[in-house]
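To keep things clear, I will list the structure first and then write my remarks on it.
Values in this document were obtained by computation on a predicted structure and should not be read as measured data.
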Amino acid sequence: MNPSVTRRSFLNKSIKCAQASLAAPFIIPHSAFSSQNNILPSEKITLGFIGVGSHGTGVNLRNFLGQPDAKVLAVCDVDEERMGRAKNIVDEKYDNKDCSVYSDFRDLLALKDIDAVVISTPDHWHVPLSVYAARAGKDICCEKPTLTIQEGQQLCDVIKKYQRIFQTSTEDRSVFVYHRMAELVRNGRIGKLKSIHVDLWQGHGILGDYGKNDRPQPVPKGFNYDLWLGPAPEAPYTPGRCHYNFRWIMEYSGGMLTDWGAHLLDTAQWGNDTELTGPISIDGKGVFPKDGLYDTATDYNIEYIYKNGIKLIVKSGGCGIRFIGSDGWVGNTGWRGPLEASSQQILHSYIGPEETHLYTCKGGEHRNFLDCVKSRKQPYFPVEIGHRCCSLLHLGNISMILNKKLEWDPDRQLFPNDPEANRYLSRPRRSPWHL
């Protein structure tokens, strides 16, 4: 792809706009009064959506449309069919035809009346789009995970430089069972924490008929495949490569480990009070397909060790998390399964006002994001904590790919004296999509 200088030049112009409007969202004139819950348009956060597939519309778009102080102005997708469907959802909500549509994210980011963007694209676009949005002066609510550790570091630096609000968009920190178990552990209800055990789904959760067709074929009309690839390497189009099933291809994601690990391993870090650091060693063993389009690990067993001596053991098969301490254990089985503990005393323990209370928002990540855009406070899953969680996942994949135990320096964020492993901290980006 060879975008014109004019289209790419919006980024440089947007930097100047960002510097002039770092602290406050776009203000709609008070004369355009809204009757919805008596909220003035000037009090509403204006949103643009980049990536409106199944999760982008079914979860993110519909949740933000349900917030009285949010106003969706535009949607963007490289797939015209998905873009049209999202526009219809927005127009139906507002009973008009005003929702703007864009097939190129740069056109959306150039809009001056957009306060924030919601990014629900494939993983390999998460960081580049977030960086471009921050430089354009937008706050960002972006799906997990990052693609590499180095990209996560770059994202943290850019968000800090441009003073943007960034929410790593997952619901876990607002889900009672995960918040409760992390608080119980942090307040010593299971004694001294010894180990954490996390089960994640195995295999490739291939969706629909896409995964059955991995042969190159013509790009469908209305689908900008070159822009879908973006910074990823050139590759022939096949339905099995795009949309939901990109998760099982290492060029765009990291398999079940990065998809589901971004949920449960955040809770592990939260309970371990290591959400701003990482392990000091990683020993992963994985099973990778020997042929075919999908190449992420189908089975895995990874042992992380932290400086405090606590072990985090992640393995494939099922879904659940358990914290084991000197005086008992707490956890759950299944996604959002009910809280379990080794005793009723632990299960029903009261956490007093002077004890540790972890930051949450019962309204979820969307409500929390809007509140933070207004207050300029950090959301419950900010960029640095999201990056550290994703780093855990990438470290596991690197250890499995190299089939060896790795030492990790969480302060310098590198593998000491291991140039082979350090090569996996980043990946080349296809021109012109450089950060």
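- Residues Asp259 and Lys144 share a closest heavy-atom pair of O-NZ, 2.7 Å.
- Asp327 and Arg189 are not joined by a salt bridge, as no carboxylate oxygen comes within less than 4.0 angstrom of a charged side-chain nitrogen.
- Smallest separation of non-hydrogen atoms from Thr57 and Ala86: CG2-CB, 3.9 Å.
- Between Phe49 and Val72 the shortest side-chain heavy-atom distance falls below 4.5 Å.
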Audit row: Phe288, Met250, side chain to side chain contact (heavy atoms under 4.5 Å, CB included) steps and yes/no: CA-CA 11 Å; Phe288 293 87; Met250 198 65 76; 4.2 Å; yes

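- Side-chain polar atoms of Asp113 and Thr46 form no donor-acceptor pair below 3.5 angstrom.
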Take Tyr306 and Trp408 through the test ring pair (Phe, Tyr, Trp, His ring centres under 6.0 Å) and record every step on the way to the result. CA-CA 10 Å; Tyr306 289 83; Trp408 177 248; over 10 Å; no

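- Closest heavy-atom contact between Pro145 and His126: O-ND1, 2.7 Å.
- Between Tyr359 and Tyr380, the ring planes lie perpendicular to each other; the angle is over 60°, past the 30° to 60° tilted range.
- Distance CH2/Trp125 to CG/Leu229: 10.0 Å, rounded to 0.5 Å.
- Here Lys161 does not pair with Asp157 in a salt bridge; the nearest charged N to carboxylate O distance is not below 4.0 Å.
- Using a cutoff of 4.0 Å between basic side-chain nitrogens and carboxylate oxygens, Asp273 and Arg186 are scored as salt-bridged.
- Shown here is Asp95, whose CG atom has no more than 12 heavy atoms of other residues, nucleotides or ligands within 6.0 Å.
- The number of heavy atoms from other shown groups lying within 6.0 Å of NZ (Lys311) does not exceed 12.
- Classification of Asp139 and Arg164 as a salt-bridged pair holds, one side-chain N sitting under 4.0 Å from a carboxylate O.
- No side-chain donor from either of Arg106 and Tyr132 sits under 3.5 Å from a side-chain acceptor of the other.
- Look at Lys71 and Asp98 and you find no salt bridge, because none of the NZ, NE, NH1 or NH2 atoms lies under 4.0 Å from a carboxylate O.
- Residue Gln150 comes nearest to Ser426 through the heavy atom pair OE1-CB, 3.1 Å, listed as atom of the first residue, atom of the second, then distance.
- In this structure, Arg336 and Val177 approach most closely via the heavy-atom pair CA-CG1, 4.1 Å.
- Between Thr360 and Ser174, the shortest heavy-atom contact is OG1-CA, 3.4 Å.
- The residues Lys97 and Glu92 are annotated as not salt-bridged, no charged nitrogen and carboxylate oxygen being separated by less than 4.0 angstrom.
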